[in-house]
Engineer: 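If you scroll down you'll find the structure; I have some questions about it.
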2 protein chains.
Amino acid sequence: MNTDNHLAKLLTMYGQQQSFQRHESIFCQGDDDGHIYFVQTGLLKAYYVSSEGKESIKSFVAEGNMIGSLNSVVNQAGCSFSLVALEASQLLRLPFSLLVDKAAQSHPLANDVIQQLLALAMKKEQREFEFLSLSAEQRYQRFLAQAPQLIDRITQSDMARYLGVTPVALSRIKKRCG
Amino acid sequence: MNTDNHLAKLLTMYGQQQSFQRHESIFCQGDDDGHIYFVQTGLLKAYYVSSEGKESIKSFVAEGNMIGSLNSVVNQAGCSFSLVALEASQLLRLPFSLLVDKAAQSHPLANDVIQQLLALAMKKEQREFEFLSLSAEQRYQRFLAQAPQLIDRITQSDMARYLGVTPVALSRIKKRCG
DNA sequence: AACGGGCATTAACCCAGGTTAACAATGAAT
DNA sequence: ATTCATTGTTAACCTGGGTTAATGCCCGTT
């Protein structure tokens, strides 16, 4: 009855174990990398770098979560973001094409994939809502409330770049509202 | 070979035809509405209203696209946004639970659902990127470039609220950059 | 023709956040 | 212990966008 057991089985059967040290890069913006990465231990950050050099953090990926560049996979284009280890991390790597093939053959697996994609879409909609409707201060408060397990594993600067403000601005927000 | 034909078939077989006039509401934030709506003709807007009364537009939904509140469906909670017709619209309405049931029974349909969810996730990631990394002016330019077919069907105020700025600010941006 | 409502523009004022820079604190490397 | 790099704080100044309000335009209604 546990969810996603077919996906988990696929990962353990076909996934390739990989280790990364703190600060080590998994892939870079522009690379062609059609894999999904499942985090067994550790912490990753996915981030964009603009043409002017500004870094913006798309997401943090902790144990039990997976990530990969949909753009690279679906559009056969380069990755739209970079992926780096914030802590020493154990990953399971799987070619996305393999997942697609297997899901086309196995209905239970396809159902697991639907669950994963639904969860992803909802997470992204949530974030869209926060940028659209909330102030930087409100986004900060929500982050504290919803990801308390992350706050002592990331720097304040990275939290700022995840929230869409500069590190200086986040320092001011903290002072302002405790 | 055409994509999503199973989903299309399901819609025509089980979908209920509904007509809405301009300005008519399909559902409201907080309502319990577990349907997905496929737009045959017309144009919808999905929007949040904050506790202070500020309206923020989540998305415009034109012919050939579908929408529904994932939050209402997956979490059995109220809709997180409101849906209204910007033009007289013909919709096909389907209980999401029906889609879930049928997808659990039909593997080809499940594959169609995966395609839809992938496309949705990528659209939302794109929007996340724009809010995270681009200025209001850059978001405006991109909107012009990527949705030219919409600009003469929506008001400038609605475009502003979609881009995350006030109508006054968008008027200034237009003046600034042509 | 006259009225009234929504929409876009513009101006004036204010504020949150960006930018730059100085400074302190921490911590890893020699 | 010293050095160097990274991080966080604070200050000064600037700018983009929010707010409010006035004005004019367009359009649909009567």
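Numbers restart at 1 for each chain; the letters A, B, ... are given by sequence-line order, proteins then strands.
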Engineer: Between atom CZ in A/Phe131 and atom P in C/dG17, what is the gap in whole Å?
Structural biologist: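 After rounding, the reported distance stands at 13 Å.
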
Engineer: Say whether, by atom type as modelled, one donor and one acceptor occur between the side chain of A/Thr12 and the main chain of A/Lys9 under 3.5 angstrom.
Structural biologist: yes

Engineer: Would you say B/Leu92 ends up clustered with B/Leu99 if hydrophobic residues are merged whenever their side chains have heavy atoms under 4.5 Å apart, either directly or through other cluster members?
Structural biologist: yes

Engineer: Hydrophobic clusters join Ile, Leu, Val, Met, Phe, Trp and Tyr when side-chain heavy atoms are under 4.5 Å apart, directly or via other members; which others share one with B/Ile57?
Structural biologist: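 In the cluster with B/Ile57 are B/Leu43, B/Tyr47, B/Val49, B/Phe60, B/Val84, B/Leu86, B/Tyr140, B/Phe143, B/Leu144, B/Leu150, B/Ile151, B/Ile154, B/Met159, B/Tyr162, B/Leu163, B/Val165, B/Leu170, B/Ile173.
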
Engineer: In whole angstrom, give the distance that lies between atom CD of A/Glu55 and atom C1' of C/dG18.
Structural biologist: 17 Å

Engineer: Which whole-number value in Å describes the distance from A/Glu52 CD to C/dG18 P?
Structural biologist: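 These atoms are roughly 14 Å apart.
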
Engineer: Reading nucleotides 7-20 of chain D 5' to 3', which nucleotides get B (base under 4.0 Å from a protein heavy atom), which S (sugar-phosphate only), which -?
Structural biologist: -SSBBB----BBBB

Engineer: Check whether any side-chain heavy atom of B/Gln17 lies under 4.5 Å from a side-chain heavy atom of B/Gln90, and answer yes or no.
Structural biologist: yes

Engineer: Is A/Leu7 close to A/Phe38 at the side-chain level, that is, under 4.5 Å between some pair of heavy atoms?
Structural biologist: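 Side-chain contact under 4.5 Å: no.
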
Engineer: Round to a whole Å and report the spacing from CG of B/Leu132 to P of C/dG17.
Structural biologist: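 Rounded to whole Å, this separation is 15 Å.
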
Engineer: So, B/Lys45 and B/Glu55, do they make that salt bridge, N to O below 4.0 Å?
Structural biologist: yes

